[in-house]
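A short worksheet on the structure shown next.
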2 protein chains.
Amino acid sequence: MANISESIEQFIIATMGDNDFVDISRNSLAEYFSCAPSQINYVLDTRFTVDRGFVKESRRGGGGFIKISRIKSSDTNAYLNGLVLESIGDELSYKRMIQILDKLIADGLMNKKESELVEASLSEDSLSMPFTIKDKVRAKAFKNVLLKLMITK
Amino acid sequence: MANISESIEQFIIATMGDNDFVDISRNSLAEYFSCAPSQINYVLDTRFTVDRGFVKESRRGGGGFIKISRIKSSDTNAYLNGLVLESIGDELSYKRMIQILDKLIADGLMNKKESELVEASLSEDSLSMPFTIKDKVRAKAFKNVLLKLMITK
DNA sequence: TGTAATTTGACCATCTTTGACTAATGGTTT
DNA sequence: AAACCATTAGTCAAAGATGGTCAAATTACA
């Protein structure tokens, strides 16, 4: 954990604990970690994303705040279907796939090992094909993984 | 130990000791040995290979790292390795992959769900690419799955 | 002496950190 | 109210910090 961003991420997650949400103050957090306030935004933008299962709300001015909430995926299949139909288009980068896999784990739809097997199957190295259709193939393949998840349970 | 590469190799191995992985910083190591950073990559590429029982992961940017893991030698891994090196060549048909997956389940190395996820990832439909590179891609991808099985857990 | 292995360096890709400038909100003062 | 001010948060681009790739130059060795 050599960089501040990761520490901040861990701190926020720890603070949230088992709760559904947590309120933070951007400036206080920045001061606590001796970093630029905008770094808090960076952490929020790169780590507390929808793909990873979080939504954010905030307000500026006196008494301002940033509220981070966990997305509850109550209707699993509707959620997976949303991923298949909307979030994933015709192409899917490796990086984005990892984000989605992380979220599937967070939602309890997969465990680490399962995720790693899919990751190994569809990594950049695995899909070492002569053309630049990697992302297209990955998109199609990963949709099949999600589809399988819907019926496997 | 006439050349630097060998020293670097020994240093990394010594640092790893009995652990099953080690984190290194490319730049620090290069500085320590007064060599070009890319020489670290050279050492990694020529000595810490899969054939020699290592797998690598890395991240760039602040707090970046290179993680080298040791594939533990066990009967299981010897068996998986056999599959990688012998049974699977440059091409792997869907049918044959299913056979191997079934065997992995029978041997207790995977469960049904895990198998199905891999199957979904590398099915004929998923690998919808022009012409006959399907089996080549599947071979490479599936080898990565087996590799992952070796270091997972 | 010719081939393979090693060493270097220029250039690239990715992730993080910082800071200047902007926008919104609530309270205070006219 | 309207104007003003203090207090927050947001955006974005530049700089910094790593690791990756590739090929030319050099060295080792059979």
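Just so we're on the same page: letters track the sequence lines, and every chain starts at 1.
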Measure [atom1]/[X] against [atom2]/[N] and give the value in whole Å, please.
X       : N      : atom1 : atom2 : value
A:Ile40 : C:dG19 : CD1   : C1'   : 15 Å
A:Glu9  : C:dT17 : CD    : P     : 12 Å
A:Glu6  : C:dT14 : CD    : C1'   : 15 Å
A:Tyr42 : C:dT14 : OH    : C1'   : 9 Å
A:Asn41 : C:dT16 : CG    : P     : 15 Å
B:Ile8  : C:dA5  : CD1   : P     : 17 Å
B:Asn3  : C:dA5  : CG    : P     : 12 Å

At less than 4.0 Å, is any side-chain N or O atom of A:Ser5 found next to OP1 or OP2 of C:dT17? Yes or no.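 Answer yes for this pair, as a side-chain N or O of A:Ser5 is under 4.0 Å from OP1 or OP2.
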
Establish, with yes or no, whether the OP1 or OP2 oxygen of C:dT16 is under 4.0 angstrom from a side-chain nitrogen or oxygen of A:Arg47.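 It does, given that an N or O in the side chain of A:Arg47 lies less than 4.0 Å from OP1 or OP2 of C:dT16.
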
Are side-chain heavy atoms of [X] and [Y] found at a separation under 4.5 Å?
X        : Y        : value
A:Leu122 : A:Leu127 : yes
A:Phe21  : A:Arg70  : no
A:Lys113 : B:Asn111 : no

B:Ser5: which of B:Arg47, B:Gln39, B:Gln10 passes side-chain hydrogen bond (donor to acceptor under 3.5 Å, both in side chains):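 Looking at B:Arg47, B:Gln39, B:Gln10, the match for B:Ser5 under the side-chain hydrogen bond (donor to acceptor under 3.5 Å, both in side chains) is B:Gln39.
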
So, using salt bridge (charged side-chain N to carboxylate O under 4.0 Å, His left out) as the criterion, who are the partners of A:Arg59 when residues are at least two apart?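 Partners of A:Arg59 under the salt bridge (charged side-chain N to carboxylate O under 4.0 Å, His left out) test: none.
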
Identify, with sequence neighbours excluded, every residue that meets side-chain contact (heavy atoms from CB on, under 4.5 Å) alongside B:Ser115.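 With sequence neighbours excluded, B:Ser115 shows a side-chain contact (heavy atoms from CB on, under 4.5 Å) to B:Leu101, B:Ile105, B:Met110, given in chain and number order.
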
What contact category does A:Lys67 fall into here, base, sugar-phosphate, or nothing, at under 4.0 angstrom with non-hydrogen atoms?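 Answer is nothing: A:Lys67 stays at 4.0 Å or more from every strand.
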
Which residues, if any, of residues 23-39 of chain A bring a heavy atom under 4.0 Å of DNA chain D?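 Going residue by residue through residues 23-39 of chain A, the ones with a heavy atom under 4.0 Å of DNA chain D turn out to be A:Ser25, A:Arg26, A:Asn27, A:Ser38.
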
Would you find more than 12 non-hydrogen atoms of other residues, nucleotides or ligands less than 6.0 Å from A:Phe65 atom CZ?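 For A:Phe65, atom CZ is crowded (more than 12 foreign heavy atoms under 6.0 Å).
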
First and last nucleotide of DNA chain D, 5' to 3', lying under 4.0 Å from heavy atoms of chain B: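 Contacts span D:dA17 to D:dC22, reading 5' to 3'.
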
Any donor and acceptor pair, going by atom type alone, linking the side chain of A:Ser121 with main-chain N or O of A:Leu117 inside 3.5 Å?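 Looks like yes, one N/O pair under 3.5 Å.
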
Which parts of nucleotides 22-30 of chain C does protein reach within less than 4.0 Å, heavy atoms only, written one letter per nucleotide 5' to 3' as B for base, S for sugar-phosphate only and - for none? -BBBS----

Do B:Glu9 and B:Arg52 meet the salt-bridge criterion of a basic N to acidic O distance under 4.0 Å?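 The answer is yes: the pair qualifies as a salt bridge.
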
So does B:Glu124 pair up with B:Arg138, basic N to acidic O under 4.0 Å?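 A salt bridge links B:Glu124 with B:Arg138.
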
Could you pull out all donor-acceptor pairs under 3.5 Å where a side-chain atom in residues 23-35 of chain A meets a protein atom, sequence neighbours excluded?
unit_1, atom_1, unit_2, atom_2, d
A:Ser25, OG, A:Ser28, N, 3.2
A:Ser25, OG, A:Ser28, OG, 2.8
A:Arg26, NH1, A:Asn41, OD1, 2.5

